[in-house]
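Structure first, then comments.
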2 protein chains.
Amino acid sequence: MPPRHPSDDHTPNQVDVARLAGVSTQTVSRVVSGQQNVRPETARRVMAAVDELGYRVHAAAASLASGRTRILGLIVVSTDRYSTSALSVGIEHAAAANRYTVTTAAVPDHASNDAFIEAFDRLERQGAEGVILGVPVALDNKAMQLRTARTPSTRVERPSTDADAPLIVDQYAIARLAVEHLLDLGHRTVWHVTGDPFWLETTQRQAAWEQVLIERGITPPPLIPGDWTPESGYRAGRTIAAIPEATAVFVSSDEMAFGLMRALHEAGRSVPDDVSVVSVDDIALASYASPALTTVRQPFEEMGRAAALRLITHLEGTETEGELPDTHPELIVRASTAAPRK
Amino acid sequence: MPPRHPSDDHTPNQVDVARLAGVSTQTVSRVVSGQQNVRPETARRVMAAVDELGYRVHAAAASLASGRTRILGLIVVSTDRYSTSALSVGIEHAAAANRYTVTTAAVPDHASNDAFIEAFDRLERQGAEGVILGVPVALDNKAMQLRTARTPSTRVERPSTDADAPLIVDQYAIARLAVEHLLDLGHRTVWHVTGDPFWLETTQRQAAWEQVLIERGITPPPLIPGDWTPESGYRAGRTIAAIPEATAVFVSSDEMAFGLMRALHEAGRSVPDDVSVVSVDDIALASYASPALTTVRQPFEEMGRAAALRLITHLEGTETEGELPDTHPELIVRASTAAPRK
DNA sequence: TTGTAAGCGTTATCAG
DNA sequence: CTGATAACGCTTACAA
């Protein structure tokens, strides 16, 4: 076989660059990975060779040699809930800013624990250095603990079982904002339509709602179950409409609030004159509901950023690029709440 | 240094498994990657060793050796548009079913072409074997063509410049469904509120809307520009409200329709009595608008599945797991459309 | 059916 | 500041 021409068919590698620049592969590696101890002139020559050849590091080879993949795993639930995409956008940004890459594993809604484990395994196999749990996984089982022990993980919300965990979004603050707004308006009590009980937020908000009422000496009325969907909100609305003394409702998502208000409207109960409604999320459509929704805004993108940053910080044991975002919820008052009728 | 104990600190590798099972690493590789030519008894022994050691293939090493990463890249735009998450869920599912992994790169909304290139590079560097463009990238430039030439890519929508490309969702069919519905109801013409001109769908739907009108001998009225947001829909609604002869509107997204109907309502024009509205998407809230939206459903998850499957098929040159999903749009008639007043 | 040998392209370590 | 050399853990030949 004749000696191969330098610029052959194969994609250029370090050796090619080194040869062209007249240095060793090690120097190429140093230049490409931005280390400082290279003479500027040498670095320039290497970069020129890199450009000429169109060289780029081979991630797999670099991982194998260095033991680092710079991959972040993300487990999400397959829903079209508005929050999911905003969350991942935030995560992706924080990752990219720190030169990490995000690999996603989706699990079906209401999946069994096995499905989460399987997703986690997929991510680990792929080389994820850390995993972000965008899902309500239970962590109190052997299989999951085994995995989170060897691969650092963060969850977006704060697990109820671990009050000390660094917290990204305070579900208690959300519920408190909503309930106190209603109470301060003069309502005697506040009814609550829950989210899907599968999710941690649901139980946390519910507990907070109860707590705030009790602090004010009010006995919480019966819970009205929901599952995040507008349909479940509609059903809850029919329930509420049948309770004449209900004048204020805290609904766990904007989407459910749309359904709820429709049911109320159909039953001839006016919002906010007969019933005040406050929900959670502040999706883009919230101000286009009729009436416009009073809601507690969740800064999803910031939450995603915060989760990723927290994980990366843990991974590197040092500071990261970018400020830690503000993830405080905020009450947005619009037209769906008012003082109760005399 | 004393000889190391077999089960030492390092994560177990093929050598460890081979030693424990009393076979060569090659046999371990064969068993683990599911090749058939291994005696069942041997395979069993190997699997036992794998389980005992908790061994899993090192993806980077496997990639380096085989030259395959089984990574699919996905470029998405950082928006919380409902479609994005549904799309990626579909992609992720199809990928997982074919043992591929999805890596996401997000670019800002309205990003420059450079941002797309940069995202593409990130994905390539990561080892993506193919890239799904969930974004309206222009492909008519050198830099992009260079990349799509070496890394197979699919886009979710059909580029207007390439009518022969296998098509995932037919924007013409969507517009036709909407416009003909309105015309068949007896409206003399149909006004159109566009999406963000940055997106291909926008121009495609707009062209289709024009075409259908012209086919029926109707001169298209002036375009009303939008940008997907409910706010832009609201502005469009004010425009429409000021045009007494406008009785039918085709709005390019449900979210804009919410804004539009709110503006119409405020202007005292009733939907559907004065103005009929049909939009596109069929988001979960569409039936909870007031009135409930007549809309053209887009099966986003199926679209994502289809895009991924198409790419994987191309990559493997063979058939893939799972039927090719049906991505036909469908008209959902609800309460926002009616015959025009006499 | 199983094993041996030779890389894959990079980074770490240690010399110079 | 730069270079030689040895891993990293796996798969693809090829041989037995």
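Residue numbers begin at 1 in each chain, while the letters A, B, ... track the order of the sequences.
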> Which part of the nucleic acid, if any, lies within contact of Val23(B), taking any heavy atom under 4.0 Å across all strands shown: a base, the sugar-phosphate backbone alone, or nothing?
Replying inline: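 The answer is sugar-phosphate, as Val23(B) gets under 4.0 Å only of primed atoms, P, OP1 or OP2.
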> Asn37(A) near the nucleic acid: base, sugar-phosphate alone, or nothing, with a heavy-atom cut-off under 4.0 Å?
Replying inline: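 The residue Asn37(A) makes base contact.
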>> For a quick test of reading the model: is some side-chain N or O of Gln14(B) closer than 4.0 Å to OP1 or OP2 of dT11(D)?
In response: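 Indeed, a polar side-chain atom of Gln14(B) lies that close.
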> Just to confirm, is there a sub-4.0 Å distance from OP1 or OP2 of dG9(D) to any side-chain nitrogen or oxygen of Thr25(B)?
Replying inline: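 The answer is no; no side-chain N or O of Thr25(B) sits under 4.0 Å from OP1 or OP2.
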Backbone of [Y] reached by a side-chain donor or acceptor of [X] within 3.5 Å:
| X | Y | result |
| --- | --- | --- |
| Asp51(A) | Ala48(A) | no |
| Arg155(B) | Leu133(B) | no |
| Thr313(A) | Leu309(A) | yes |
| Thr69(A) | Gly127(A) | yes |

>> I need the minimum non-hydrogen distance between Thr151(B) and Gly130(B), along with the two atoms involved.
In response: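 Minimum heavy-atom contact is CG2-CA, 3.9 Å.
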>> For a quick test of reading the model, state the closest non-hydrogen atom pair linking Arg147(A) to Glu124(A) and the distance between them.
In response: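 Heavy atoms of Arg147(A) and Glu124(A) come nearest at O-OE2, 3.9 Å.
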> Taking for each residue the nucleotide of DNA chain C bearing the nearest heavy atom, is the 5' side occupied by Val57(A) or by Thr42(B)?
Replying inline: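 It is Thr42(B), whose closest nucleotide lies nearer the 5' terminus.
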> About how many Å separate CD1 of Ile71(A) and OG1 of Thr101(A), when rounded to the nearest 0.5 Å?
Replying inline: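 Thr101(A) atom OG1 to Ile71(A) atom CD1 measures 6.5 Å (nearest 0.5 Å).
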>> Nearest 0.5 angstrom please: Arg30(A) CZ to Ser24(A) OG, how far?
In response: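 That separation rounds to 6.0 Å.
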> Heavy atom of residues 117-126 of chain B under 4.0 Å from DNA chain C: which residues?
Replying inline: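 Within this stretch, nothing sits under 4.0 Å of the strand.
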> When you measure from every atom of DNA chain C, which of residues 28-35 of chain A have a heavy atom less than 4.0 Å away?
Replying inline: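 Under 4.0 Å from DNA chain C: Ser29(A).
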> Do Gln26(B) side-chain and dT11(D) base share a donor-acceptor contact under 3.5 Å?
Replying inline: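 Check fails, no donor-acceptor contact within cut-off.
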> Which salt bridge (charged side-chain N to carboxylate O under 4.0 Å, His left out) pairs, counting each pair once, include a residue from residues 58-75 of chain B, with sequence neighbours left out?
Replying inline: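 Qualifying pairs, neighbours excluded: Arg68(B)-Glu129(B), Arg68(B)-Glu316(B), Arg70(B)-Glu316(B).
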> Between dG9(C) atom C1' and Asn13(A) atom CG, what is the distance in whole Å?
Replying inline: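 So the two atoms are 6 Å apart, to the nearest Å.
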> Got a sec, which residues hit side chain to side chain donor-acceptor pair (under 3.5 Å) with Thr103(A), two or more places apart in sequence or on another chain?
Replying inline: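 Expected list: Thr103(B).
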> With side chains defined as the heavy atoms from C-beta onward, is the minimum distance between Leu315(A) and Pro152(A) less than 4.5 Å?
Replying inline: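 A side-chain contact exists here, since the closest heavy-atom pair is under 4.5 Å.
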> Does Arg44(B) pair with Glu41(B) as a salt bridge, N-O distance under 4.0 Å?
Replying inline: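 A salt bridge is present here (some side-chain N lies under 4.0 Å from a carboxylate O).
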> Near DNA chain D, under 4.0 Å by heavy atom, which residues of residues 58-71 of chain A?
Replying inline: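 The answer is Leu64(A), Ala65(A).
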> Should the pair His110(A) and Phe198(A) be assigned to parallel (<30°), tilted (30 to 60°) or perpendicular (>60°) ring geometry?
Replying inline: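 His110(A) vs Phe198(A) ring planes: tilted.
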>> So if I take the C1' atoms of five pairs at each end of the helix from dT1(C)-dA16(D) to dG16(C)-dC1(D) and get each local axis, what angle do the two axes make, rounded to 10 degrees?
In response: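 Both end axes considered, the difference amounts to 30°.
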